[in-house]
Structure formats: structure tokens, C-alpha cells
A.B. asks: 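Can you keep this structure in mind? I'll have questions shortly.
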Amino acid sequence: MAVIHHTTLKPTKLELLASWLPSRPWYRGTGEPELVNAGGFRLDDPRGEVGIEFMVVTDTSGTHPSAYLIPLAYRGAPLDGAEHALVGTMEHGVLGRRWVYDGCHDPVLVDQLVALVEGRAEAQDQNTSDVPDREVTRSRVGDGPTLAAATTTATDHRTGTELRAQDGTTLLLHRALSPAPGETPVRPPDATGHVAGSWRLPDGTRARGLFAVLRPGPGSD
């Protein structure tokens with residue numbers, strides 16, 4: 001299990017994200033965001049080399065606050081070929097310099113996200129070591145093809161990031177989050193899997209919605 005270090009970060013995660021978010025096509029704001037941490041969860045890298053965190057941040061700069069799902073991969077050295085996905089670097093009080101990437105472009109994070117959808121990995125508490133996060137739920141229906149990071153491309157669009165395999169199987173991450181009607185996320189009828197979770201609203205209440213949806217490629221059963 002990953003060990004959570006409670007230590008200093010320079011710059012902080014929110015400071016890094018505040019300068020990076022406006023460059024994303026799914027960012028709903030019009031200027032510099034004012035971010036607060038609204039929740040999230042972690043996944044474990046089986047090799048213990050990459051930190052994997054799914055942060056939910058809320059931008060309170062506008063009239064209507066917007067929540068975003070930010071998958072982050074923390075590495076102790078640069079990831080070859082991923083310069084375009086670098087969010088920034090930070091100094092960790094225990095681990096030293098860390099390279100922080102948009103996790104949709106990191107093969108370790110993608111593989112573990114797929115493992116979560118399939119039930120082979122378990123979401124972990126964002127702030128406490130070796131504690132599962134029971135608020136994160138997942139499903140997978142059938143035995144059809146899924147995704148492998150080595151053959152997956154990540155494409156941003158206006159509402160999220162699409163991870164697409166060569167056979168057309170896709171895992172869509174909802175980056176701009178919306179609460180589910182009735183607060184109970186429902187897997188879309190054309191989907192074969194999903195991940196759902198919750199986050200804090202500015203008034204202190206909690207919302208719940210879909211984080212990711214898996215859809216089969218053309219011709220899949």
C-alpha cells in the first residue's frame with residue numbers, strides 16, 4: 001500500500017492546478033481559478049514507484065462554483081514522452097522533487113484505473129494510508145475487451161478526457177463534474193462499466209456523480 005506523507009509541498013497542489021487548469025478545454029471558467037480541495041481518492045501502484053491520486057477541486061471564482069476531477073501521477077523522475085502532460089514540479093518535504101503529470105497520459109495510472117473498473121484494484125482514502133475509500137463505487141458487466149495503457153490514446157474535449165483503445169473501446173473521464181439526479185449515479189445503458197464517487201460542495205453538503213464510464217467498441221457484445 002502507498003504511504004501517505006503529511007509534509008510540506010512547494011508549490012502546493014492547488015497552486016500548481018490553478019495555473020494549469022485554464023489551459024484545459026474542459027475548464028468552464030473565464031479567468032484565474034480560485035481552488036479548494038473538495039475530495040478524491042487514491043490508487044496504489046503495485047510497484048510502489050508512482051503516486052496516483054484522483055483529486056476533486058472546486059473553482060469558486062465564478063458565480064456558480066464548478067467541480068473538476070483531476071487524476072494526478074507523481075513521479076520521482078520525468079516520464080519520457082510526456083512533456084505535454086506535465087502539470088508542474090514540486091518539492092516534497094520527504095521525497096524531494098516530484099514531477100506531477102495529468103494522469104490520463106501516465107500508463108501506470110491508466111492501468112490502475114482500468115483495474116479499478118474491473119474490480120482488480122480498490123480505491124484508497126485520499127489522506128490515510130491503508131484505508132479503503134468505500135464511497136467510491138465501480139461496476140463492470142460482461143467479459144468483453146477493455147483497455148491497456150500501452151495501446152490507449154488520451155484526448156481532451158469540452159467535458160472530459162477520452163481514453164480510447166485500438167478496437168474502439170473507450171473510458172471517458174468526466175473532468176467537469178455534475179451531481180447525479182437524485183444523488184444516485186446510474187451507469188448509462190450503453191456502458192459496460194463505471195466509477196462513481198462523491199465530493200464536497202461549497203455549502204458543506206456532498207454531491208455524488210459519475211467519474212468515469214466504460215463503453216465497448218463497435219461490434220463488441
Side-chain angles (χ1 to χ4, degrees), residues 1-6 13-14 17 26 35-48 50-58 65-74 100-142 146-147 149 152 154 159-163 169-188 191-202 204-215:
M1 295 292 180
V3 176
I4 308 300
H5 298 281
H6 296 280
K13 298 174 189 178
L14 293 181
L17 292 176
W26 35 263
L35 301 180
V36 295
N37 192 336
F41 64 96
R42 289 180 176 265
L43 293 174
D44 287 326
D45 171 13
R47 299 180 63 182
V50 179
I52 301 173
E53 182 177 17
F54 288 74
M55 287 187 70
V56 178
V57 298
T58 297
S66 297
Y68 300 96
L69 177 67
I70 316 290
L72 295 174
Y74 305 100
V100 184
Y101 291 94
D102 178 353
C104 291
H105 300 269
D106 189 297
V108 174
L109 184 146
V110 172
D111 277 343
Q112 291 311 112
L113 175 58
V114 172
L116 174 64
V117 174
E118 295 182 338
R120 296 182 288 107
E122 187 174 33
Q124 300 294 312
D125 186 85
Q126 189 177 25
N127 301 305
T128 307
S129 301
D130 199 16
V131 175
D133 188 334
R134 303 300 185 191
E135 291 193 6
V136 177
T137 58
R138 44 72 54 191
S139 73
R140 175 74 197 284
V141 178
T146 183
L147 299 96
T152 297
T159 61
T161 303
E162 184 179 81
L163 304 174
T169 300
T170 60
L171 184 60
L172 174 64
L173 273 72
H174 293 218
R175 307 299 289 270
L177 296 175
S178 299
E183 300 183 358
T184 302
V186 177
R187 186 180 69 243
T192 56
H194 83 287
V195 176
S198 61
W199 62 94
R200 292 182 298 276
L201 297 175
T205 61
R206 298 189 72 82
R208 188 166 178 80
L210 290 172
F211 285 168
V213 174
L214 178 69
R215 289 187 171 90

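As the structure is a computational prediction, the values presented were derived from the model and not from experiment.
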A.B. asks: Over all heavy atoms of both residues, which pair between Ser139 and Arg187 is shortest? Give the atoms and the distance, please.
C.D. replies: OG-NH1, 3.2 Å

A.B. asks: Where do Ala67 and Val56 come nearest, in terms of heavy atoms and distance?
C.D. replies: CB-CG1, 4.3 Å

A.B. asks: Which heavy-atom pair separates Leu109 from Ala73 by the least distance, and what is that distance?
C.D. replies: CD1-N, 4.4 Å

A.B. asks: I want to check something: taking the side chain as every heavy atom from C-beta on, are Val57 and Lys13 in contact at a cut-off of under 4.5 Å?
C.D. replies: no

A.B. asks: Which heavy-atom pair separates Asp125 from Asn127 by the least distance, and what is that distance?
C.D. replies: OD2-N, 2.8 Å

A.B. asks: Could you pull out all residues at least two apart from Pro185 that satisfy side chain to side chain contact (heavy atoms under 4.5 Å, CB included)?
C.D. replies: Ala180, Ala196, Arg208, Leu210

A.B. asks: Identify the heavy atoms of Ala123 and Leu43 that sit nearest to each other, and give their distance.
C.D. replies: CA-CD2, 3.9 Å

A.B. asks: Any non-hydrogen side-chain atom of Val108 less than 4.5 Å from a side-chain atom of Arg47?
C.D. replies: no

A.B. asks: Please lay out, stage by stage, how Leu69 and Trp199 fare under the test side chain to side chain contact (heavy atoms under 4.5 Å, CB included).
C.D. replies: CA-CA 10 Å; Leu69 177 67; Trp199 62 94; over 6 Å; no

A.B. asks: Backbone N or O of Gly160 within a donor-acceptor pair of the Arg175 side chain at under 3.5 Å?
C.D. replies: no

A.B. asks: Answer yes or no: is there a side-chain heavy-atom contact under 4.5 Å between Arg200 and Asn37?
C.D. replies: yes

A.B. asks: Check side chain to side chain donor-acceptor pair (under 3.5 Å) between Tyr74 and all other residues, then give those that pass, not counting sequence neighbours.
C.D. replies: Glu53

A.B. asks: Excluding sequence neighbours, so at least two apart, what forms side chain to side chain donor-acceptor pair (under 3.5 Å) with Arg206?
C.D. replies: Glu135, Ser198

A.B. asks: With a 4.5 Å cut-off on side-chain heavy atoms, are Leu173 and Leu113 touching?
C.D. replies: yes

A.B. asks: Applying side chain to side chain donor-acceptor pair (under 3.5 Å), name anything that partners Thr184, two or more places apart in sequence or on another chain.
C.D. replies: none

A.B. asks: Check whether any side-chain N or O of Gln112 sits under 3.5 Å from a backbone N or O of Asp44 as a donor-acceptor pair, and report yes or no.
C.D. replies: yes

A.B. asks: Would you compute the distance between atom CZ of Arg42 and atom CE of Met55 and round it to the nearest 0.5 angstrom?
C.D. replies: 9.0 Å

A.B. asks: Where do Cys104 and Leu163 come nearest, in terms of heavy atoms and distance?
C.D. replies: O-CD2, 3.6 Å

A.B. asks: Dump the intermediate steps for side chain to side chain contact (heavy atoms under 4.5 Å, CB included) on Val117 and Val195, then the final yes or no.
C.D. replies: CA-CA 6 Å; Val117 174; Val195 176; 3.6 Å; yes

A.B. asks: Which residues pass the salt bridge (charged side-chain N to carboxylate O under 4.0 Å, His left out) test with Arg120, sequence neighbours left out?
C.D. replies: Glu118

A.B. asks: If the condition is salt bridge (charged side-chain N to carboxylate O under 4.0 Å, His left out), which residues does Asp133 pass it with, not counting sequence neighbours?
C.D. replies: none

A.B. asks: Rounded to the nearest 0.5 Å, what separation is found between the CG atom of Leu214 and the NE2 atom of His194?
C.D. replies: 11.5 Å

A.B. asks: Answer whether the closest heavy-atom distance between the side chains of Val110 and Leu147 falls below 4.5 Å.
C.D. replies: no

A.B. asks: Just do the side chain to side chain contact (heavy atoms under 4.5 Å, CB included) check on Phe211 and Leu116 with the steps written out, would you?
C.D. replies: CA-CA 12 Å; Phe211 285 168; Leu116 174 64; over 6 Å; no

